[in-house]
Amino acid sequence: MFEKKYDAVIIGAGLGGLMTAAGLVQAKKKVLVLEKADFIGGKYTEIDYKGYKVTTGAWSNMGKNSHIDNFCREVGANIDYITLKQIRKERGTPGLLGKIRYKNGKEFFPTSTISSPFSKSEMQEYSKVMIGLVSKDLEGIDRSKNTSVYDYIQNFTKSDKIIKLLDSLIGIASGLNTKTIPTSEYKIILQDSSGIASGNFGFPIGGIKSIIDALEKVIIAKGGKISTKNAVKKVLIDGNSAVGVQLEDGETIYSDLIINNSGPKNLLTLCGRNKFPSSFLKKVDKLIPIDALAIICGLNKPISEDVPMIITPDCDRIAGIFEPTFFDPSIAPPGKTMIDIFAPLKTKDIKKEIDLTVKDLEDLYPGILDPSNLDFQLNMVFAGDFPAAEGAQTFGQTGSDRIDPKLPVNNLYMVGAEAIGSGVAADLIPIGVCKALDYILGTEKWLEVSF
Ligand SMILES: Cc1cc2nc3c(=O)[nH]c(=O)nc-3n(C[C@H](O)[C@H](O)[C@H](O)COP(=O)(O)OP(=O)(O)OC[C@H]3O[C@@H](n4cnc5c(N)ncnc54)[C@H](O)[C@@H]3O)c2cc1C
């Protein structure tokens, strides 16, 4: 089924693995991607469920000119987006990404002076906080102390309402909160989100699977091979060099390069811990993950006609709710709506976390889960051995402090959400992918591509 030798074998067909494959086939490398699941895309695709296209994790990318889109364009994977601006033109919506909703049913636009949950002085404080956070300079940030957003905003406000709003916004973007995200990282997230304010935020038509489909098309067209239902059991290491992989069924495949996209913990299992220096083992063992719950619901009516995202500052668990059908109704059966509720977990008691998240939802939208309105409810738990991310964008784990794609074993690399990079969730993945490509191909061009 497989050739005996490849230029590169990639373990895992997540976004990171597929992007790397697309870059390598462009450089005329013979590439094999091995995926253990029966679908590709990992936590970044949709699967069909009761006529809906339900995400396996991610909601959306940031649209045109995001790192992901820049990379895809470079490798010839073209994605069509529908933007907030277009929807404003077509439907007369405000062109904004989100609004705030409190449990008492009151709704506000965060930046509007006419409809704001804040007093006049809070409004001024909020403006100062946001101007400080979006400015490119790092004034007020003590990098040596790696200030949290919480500490940073103490310079401007003590308002609990403002802090809770920021907790929600940070929660949606990263699964963290004002106390756990470094200000320097949140500034990069806000800069990378600037398309939101200009209405250029876009949703890939057909859902994020269209990104995965476009990458797959490029890989296959340029001679690469992707094989699903083929889990790698072991990475073969000779001396200090990776030389191939062994599959679950015992087959051995040799390759000049092995690229892991199955996460850092799995990397240690596949290779054997004794192949790595203790400093690397310590780094992986110490990683602080993000555990989260996503509840996906199919509904008979939309929760919002004017914006696709609801920010929920007074919830115990829910950070925000995304309504992908606002952008593209074709991902649900005719007349139906799909919502995706995101709740970073605060304890290890999963039942309690689900109960509190559902309670938040029913408080926000009384009757939403009544059988007359609810088509389906799927609770997706990302925790324990299957976290939302093995490495949160928290202190000591941001930017170049994340795992370098070049691993301390020759010919072995790592890409994906835990490799180096900063930005909005999966939008940091192309940065590590580009660094890996530059290492592998001996170029200096790729890192510029994703910016
Ligand atoms: C609830 C939730 C919401 C999110 N929302 C967003 C969002 O809106 N926007 C955004 O940008 N990001 C979002 N993210 C983050 C995003 O989904 C991830 O960052 C991204 O999908 C991770 O991609 P990856 O390539 O690192 O790995 P993964 O997607 O985890 O892919 C790894 C692949 O490796 C395969 N694999 C594992 N072991 C083996 C093996 N032994 N052999 C072969 N294959 C193997 C797996 O099956 C999988 O397909 C969200 C994540 C979650 C959980």
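Each ligand, and each atom within it, is numbered from 1 in the order the structure gives. Bear in mind that the values here come from a model prediction, so they are computed numbers and not experimental data.
Backbone and side-chain nitrogen or oxygen atoms of Ala426 are examined, and one is located within less than 3.5 angstrom of a nitrogen or oxygen of ligand 1. In terms of polar-atom proximity, Leu15 is counted as a contact of ligand 1, with an N or O under 3.5 Å from an N or O of the ligand. On a distance-only criterion, Gly16 and ligand 1 share at least one N/O pair closer than 3.5 Å. At least one N or O atom of Val232, backbone or side chain, sits closer than 3.5 Å to an N or O atom of ligand 1.
Atom 30 (O) of ligand 1 has its closest protein heavy atom at Lys43 NZ, 2.8 Å. Atom 36 (N) of ligand 1 has as its closest protein heavy atom Ser262 CB, 3.8 Å. In this structure, atom 27 (O) of ligand 1 lies nearest to the protein heavy atom Asn261 ND2, 3.9 Å. When hydrogens are left out, the protein atom nearest atom 44 (N) of ligand 1 is Lys36 N, 3.1 Å; that is the closest non-hydrogen contact. Closest to atom 48 (C) of ligand 1 among all protein heavy atoms lies Glu35 OE1, 3.5 Å. Protein heavy atom in closest approach to atom 22 (C) of ligand 1: Ile429 CD1, 3.7 Å. Residue, atom and distance of the protein heavy atom nearest to atom 34 (O) of ligand 1 are Gly12 CA, 3.3 Å. Nearest protein heavy-atom neighbour of atom 2 (C) of ligand 1: Gly57 O, 3.3 Å.
The heavy atom nearest to atom 8 (O) of ligand 1, out of those in Phe386, Trp59, Phe39, Phe322, is found in Trp59. Ranked by closest heavy atom to atom 10 (C) of ligand 1, the top entry among Gly320, Gly432, Ala425 is Ala425.
Using a 4.0 angstrom heavy-atom cutoff, Leu34 counts as in contact with ligand 1. Heavy-atom distances between Ala389 and ligand 1 stay at or above 4.0 Å for every pair.
Residue contacts with ligand 1 for Phe382 involve side-chain atoms from C-beta outward but no N, CA, C or O (heavy atoms, distance under 4.0 Å). Only backbone heavy atoms of Ser60 (N, CA, C or O) come within less than 4.0 Å of ligand 1; its side chain stays farther off.
A salt bridge links Asp256 and Lys5; the closest N-O separation between the charged side-chain nitrogens and carboxylate oxygens is under 4.0 Å. With respect to the salt-bridge test (charged N to carboxylate O, under 4.0 angstrom), the residues Asp48 and Lys53 qualify. Between Lys30 and Glu3 there is a salt bridge, since a side-chain N of the basic residue sits under 4.0 Å from a carboxylate O of the acidic one. Remark: Lys445 does not engage Asp438 in a salt bridge, criterion side-chain N to carboxylate O under 4.0 Å. Ion pairing between Asp285 and Arg273 holds under the 4.0 Å rule for side-chain N and carboxylate O.
Each of the following atoms of ligand 1 lies closer than 4.0 Å to a heavy atom of Gly14: 25 (O), 31 (O), 33 (C). Close contacts between ligand 1 and Gly416 involve ligand atoms 26 (O) [criterion: under 4.0 Å to a heavy atom].
Between the side chains of Asp167 and Thr178, at least one donor-acceptor pair of N or O atoms lies under 3.5 Å. Side-chain N/O atoms of Asn300 and Lys336 include a donor and acceptor closer than 3.5 Å. In this model, a donor atom of one side chain and an acceptor atom of the other lie less than 3.5 Å apart for Asn61 and Tyr81.
Judged by distance alone, with hydrogens and angles left aside, the side-chain atoms of Ser255 form a donor-acceptor pair with the main-chain N or O of Tyr6 at under 3.5 Å.
Taking the centre and axis of the six-membered ring of Phe386, the NZ or CZ atom of Lys43 falls inside the cone set by 45° and 6.0 Å. Both tests pass for Lys179 against the ring of Tyr150: distance under 6.0 Å to the centre and angle within 45° of the axis.
For Gly391 against Arg402, the heavy-atom pair with the smallest separation is O-NH2, 3.0 Å.
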